[in-house]
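Notes follow once the structure below has been shown.
Numbers here are sequence positions counted from 1.
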Amino acid sequence: METIRQFFESLMWNARIFVVLAVILSLIGSILLFVVASIDIIKAVKQTFLYYSNALEAGADIHNILLNAIIMALDLYLIAVILLIFAFGLYELFICKIQIKDESSSKILEIHTLDQLKDKLAKVIVMALIVAFFSKVLNMGMKSTQDMLFFAISILCLAVGLYFLHKDSKH
């Protein structure tokens, strides 16, 4: 009976290795998002160059095009960071501690508990949502004073939410 228990416990302990799939795929997703966001920025640079060299069609609003492209790229970068933090956290929590880090390295990727992982992910997700909200607001036309009031209230809610989100942080 003891050997069955030991075998089962060994099997359960080694099953944590399946987390490597999530780590690898999260890293791949993160790299892909970094590449796509960078390509989007390069495209925005190209469009800006074409606009100022008068090669872009007349009537194009380069400010709107550039701002939307950069905000969308920023959103992709934030999601890539979420995946990167997730991969590091899963690896350190379930597989083993990363030994390459030194004293001068950033502490942002140090994760010792599942609660720390959730907290770091939540903060970056909230920032990504704020960027997505900002992108939607830029494309929304303000047609009435009620639109402006809702816009101001939503910004106030975001500010209050960020205040409470960072209140417990040790900055």
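- Note that the CG atom of Leu50 and the CD1 atom of Ile65 stand 10.5 Å from one another [nearest 0.5 Å].
- Val124 and Leu78 get closest at one heavy-atom pair: CG1-O, 3.6 Å.
- No side-chain donor-acceptor contact under 3.5 Å links Asp75 to the backbone of Ile71.
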Under 3.5 Å, side-chain donor or acceptor atoms of residues 7-24 against the rest of the protein: list the pairs with distances, not counting sequence neighbours.
from, atom 1, to, atom 2, distance (Å)
Glu9, OE1, Arg5, NH1, 2.9
Glu9, OE2, Arg5, NH1, 2.7
Ser10, OG, Asn14, ND2, 3.4
Asn14, ND2, Ser10, O, 3.2
Arg16, NE, Phe94, O, 2.8
Arg16, NH1, Trp13, O, 3.1

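- At a threshold of 4.5 Å between non-hydrogen side-chain atoms, the residues Val81 and Phe34 count as touching.
- For the atom pair Asp119 CG and Leu114 CG, the distance stands at 11.5 Å (nearest 0.5 Å).
- Under the 4.5 Å side-chain contact rule for hydrophobic residues, Leu74 and Val35 do not share a cluster.
- Here the CG-OH distance, from Leu27 to Tyr91, works out to 10.5 Å after rounding to the nearest 0.5 Å.
- Taking hydrophobic clusters as Ile, Leu, Val, Met, Phe, Trp and Tyr residues chained together by side-chain heavy-atom distances below 4.5 Å, Leu156 does not share a cluster with Ile153.
- Leu90 and Leu121 fall within the same hydrophobic cluster, defined by Ile, Leu, Val, Met, Phe, Trp and Tyr side-chain heavy atoms under 4.5 Å apart, directly or through other members.
- The heavy-atom pair separating Ala44 from Ala69 by the smallest distance is CB-CB, 3.8 Å.
- Residue Leu93 holds its CG atom at 7.0 Å from OG1 of Thr113, rounded to the nearest 0.5 Å.
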* To do: Apply side-chain contact (heavy atoms from CB on, under 4.5 Å) to the pair Thr48 and Ile62, showing each step before the final yes or no.
  => CA-CA 7 Å; Thr48 304; Ile62 190 63; 4.1 Å; yes
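- Connection of Ile70 to Leu129 is established within a shared hydrophobic cluster, with ILVMFWY side chains joined at heavy-atom distances below 4.5 Å, either directly or through further cluster members.
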* Quick one: do Lys43 and Ile39 satisfy side-chain contact (heavy atoms from CB on, under 4.5 Å)? Show the steps, please. => CA-CA 6 Å; Lys43 285 180 182 178; Ile39 290 170; 3.9 Å; yes
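- Taking CG of Leu84 as the start and OH of Tyr77 as the end, the distance is 14.0 Å to the nearest 0.5 Å.
- Separating the CE atom in Met1 from the CD atom in Gln6 is a distance of 12.5 Å, to the nearest 0.5 Å.
- Under a hydrophobic clustering in which Ile, Leu, Val, Met, Phe, Trp and Tyr are joined whenever their side-chain heavy atoms come within less than 4.5 Å, directly or via other members, Val131 and Ile125 fall into the same cluster.
- Between the side chain of Ser30 and the main chain of Ser26, no donor-acceptor pair closer than 3.5 Å is present.
- Of all heavy-atom pairs between Gly89 and Leu117, the closest is CA-CD1, 3.9 Å.
- In terms of heavy-atom proximity, Gly29 sits nearest to Leu83 at C-CD1, 3.7 Å.
- The shortest non-hydrogen separation linking Leu33 to Ala80 is CB-CB, 3.7 Å.
- Put simply, the side chain of Leu149 does not reach to within 4.5 Å of the side chain of Thr145, judged on heavy atoms.
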